[in-house]
Amino acid sequence: MRRAFIAGNWKMYKTPTEAKAFARELRSALADVKDRDILVGVSFVNIAGVVEELKGSQIWVAAQNMYYEKEGAFTGEVSPVQLKDAGVTHVILGHSERRHIFGETDEMINKKVRAALDHGLLPILCVGELLEEREKGETEKVCKHQVVEAYKGLSREEALKVTIAYEPVWAIGTGKTATPEDANQVHAFIRKVLAELYDQDVAEKTCIQYGGSVKPENIDALMAQEHIDGALVGGASLKLDSFVRIVRFQ
Ligand code: G3H
């Protein structure tokens with residue numbers, strides 16, 4: 001009953017010129033794919049060009065971060081109102097690179113989720129444990145904490161607008177993927193957390209993507225798992241052939 005949702009996160013790759021050209025190629029290569037949701041998460045400077053190229057297509061455009069204030073003296077930041085006006089539909093929040101390189105806290109991420117929803121943007125909330133946390137058997141504890149904190153203050157209707165991306169940090173850009181079964185177990189656990197926070201219906205309707213070294217070779221096995229509804233793809237989303245193959249998972 002959950003629709004598949006494949007997202008590419010281009011991170012800090014591609015210039016505006018490259019991003020526009022790539023979006024054009026993607027649009028034509030995926031024109032016939034209508035039975036699943038597709039999104040690209042692009043750098044702020046690439047939003048305008050990519051939105052223009054994808055206008056009228058079924059591919060959504062996301063920002064990879066934002067600030068939680070509507071406007072103000074916040075030099076260097078980008079607001080939800082600006083993003084909405086620029087034509088993005090979604091915003092990736094709490095990515096592990098934001099948490100661990102830029103020091104984003106659960107409290108900031110919660111404010112960003114709140115602000116996104118207040119301004120009509122759909123959050124893709126990233127959660128996931130570090131290698132040392134996994135080794136200490138803390139995967140569930142960490143994911144639960146990140147989910148509970150990020151959803152603080154959200155109504156049931158708002159919760160239904162959030163997509164979760166489970167991204168074990170040790171699997172990001174390393175070539176190591178969680179086994180489909182291990183990932184599925186964590187996804188099932190996250191669904192249980194949502195059922196505790198809200199109800200079974202929210203748990204069952206929420207799209208939970210897996211992220212971390214997703215590639216053409218492992219997407220089919222990942223998507224075959226009951227609780228894996230999609231993917232947040234980094235490196236393999238930067239090349240046309242590999243992203244198209246991932247979107248066309250079987
Ligand atoms: O947002 C995407 C993730 O960080 C995964 O990146 O596919 O390069 O491992 P990756």
Side-chain angles (χ1 to χ4, degrees), residues 2-66 78 80 82-98 112-113 116 119-126 161-167 172-173 207-216 218-219 222-223 228-249:
R2 292 181 296 269
R3 193 171 151 93
F5 184 7
I6 305 291
N9 175 9
W10 296 354
K11 305 195 178 183
M12 201 176 70
Y13 291 100
K14 300 191 186 293
T15 64
T17 310
E18 291 164 349
K20 244 174 107 63
F22 189 63
R24 196 175 319 136
E25 288 180 324
L26 263 187
R27 179 180 189 153
S28 102
L30 293 172
D32 61 312
V33 183
K34 306 274 188 226
D35 63 340
R36 51 202 69 183
D37 292 327
I38 312 168
L39 171 144
V40 289
V42 309
S43 301
F44 293 132
V45 291
N46 292 343
I47 288 173
V50 171
V51 164
E52 190 190 320
E53 287 299 336
L54 297 179
K55 211 181 193 104
S57 80
Q58 85 291 29
I59 307 175
W60 290 323
V61 182
Q64 301 171 3
N65 180 33
M66 62 168 216
V78 176
Q82 292 171 323
L83 290 178
K84 181 83 185 163
D85 187 65
V88 312
T89 50
H90 293 66
V91 57
I92 299 170
L93 295 173
H95 191 280
S96 64
E97 286 146 20
R98 301 296 322 164
K112 291 181 179 197
V113 171
H119 296 286
L121 295 171
L122 299 169
I124 298 177
L125 169 72
C126 303
K161 295 185 175 151
V162 180
T163 294
I164 294 181
Y166 168 59
E167 301 204 313
I172 296 177
C207 171
I208 308 182
Q209 299 172 325
Y210 169 80
S213 297
V214 172
K215 28 186 191 266
N218 57 27
I219 186 67
L222 286 162
M223 291 304 292
I228 301 183
D229 309 316
L232 182 56
V233 188
S237 73
L238 297 168
K239 293 248 155 47
L240 188 69
D241 288 356
S242 60
F243 190 60
V244 166
R245 172 61 184 85
I246 290 169
V247 171
R248 293 183 185 275
F249 73 86

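Residues take their numbers from the sequence shown, with the count starting at 1. What you see below is based on every heavy atom in this structure, not just the backbone, and it leaves out hydrogens, waters and symmetry mates.
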Taking [X] for the side chain and [Y] for the main chain, is one N or O donor matched with an acceptor at less than 3.5 Å?
X	Y	answer
N218	K215	yes
K112	L93	no
S43	N46	no

Say you draw a straight line from [atom1] of [X] to [atom2] of [Y]; how long is it, rounded to the nearest 0.5 Å?
X	Y	atom1	atom2	result
T15	K20	OG1	NZ	11.5 Å
D32	Q58	CG	CD	8.5 Å
M223	I6	CE	CD1	4.5 Å
S28	L240	OG	CG	8.0 Å
Q64	I47	CD	CD1	8.5 Å
Q209	L125	CD	CG	11.0 Å

Distance-only check: which donor-acceptor pairs under 3.5 Å involve side-chain atoms of residues 228-235, not counting sequence neighbours?
| from | atom 1 | to | atom 2 | distance (Å) |
| --- | --- | --- | --- | --- |
| D229 | OD1 | R2 | NE | 2.7 |
| D229 | OD1 | R2 | NH2 | 3.4 |
| D229 | OD2 | R2 | NE | 3.1 |
| D229 | OD2 | R191 | NH2 | 2.8 |
| D229 | OD2 | I208 | N | 2.8 |

Might you point out which heavy atoms bring [X] and [Y] nearest each other, and give the distance in Å?
X	Y	answer
R36	V33	CG-CG1, 3.5 Å
L238	K14	O-NZ, 3.1 Å
V244	A29	CG2-CB, 3.7 Å
F243	L39	CZ-O, 4.0 Å
M66	A116	CE-N, 3.4 Å
L26	W10	CD1-CZ2, 4.1 Å

State, with a plain yes or no, whether a side-chain heavy atom of [X] is found less than 4.5 Å away from one of [Y].
X	Y	value
F5	I124	yes
L122	T163	no
C126	I92	yes

Short N-O contact, R27 and E53, less than 4.0 angstrom |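 No, this pair does not count.
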With sequence neighbours left out, the residues meeting side-chain hydrogen bond (donor to acceptor under 3.5 Å, both in side chains) with H95 are E167
Is it the case that more than 12 heavy atoms not belonging to Y13 sit under 6.0 Å from its OH atom?
-> no
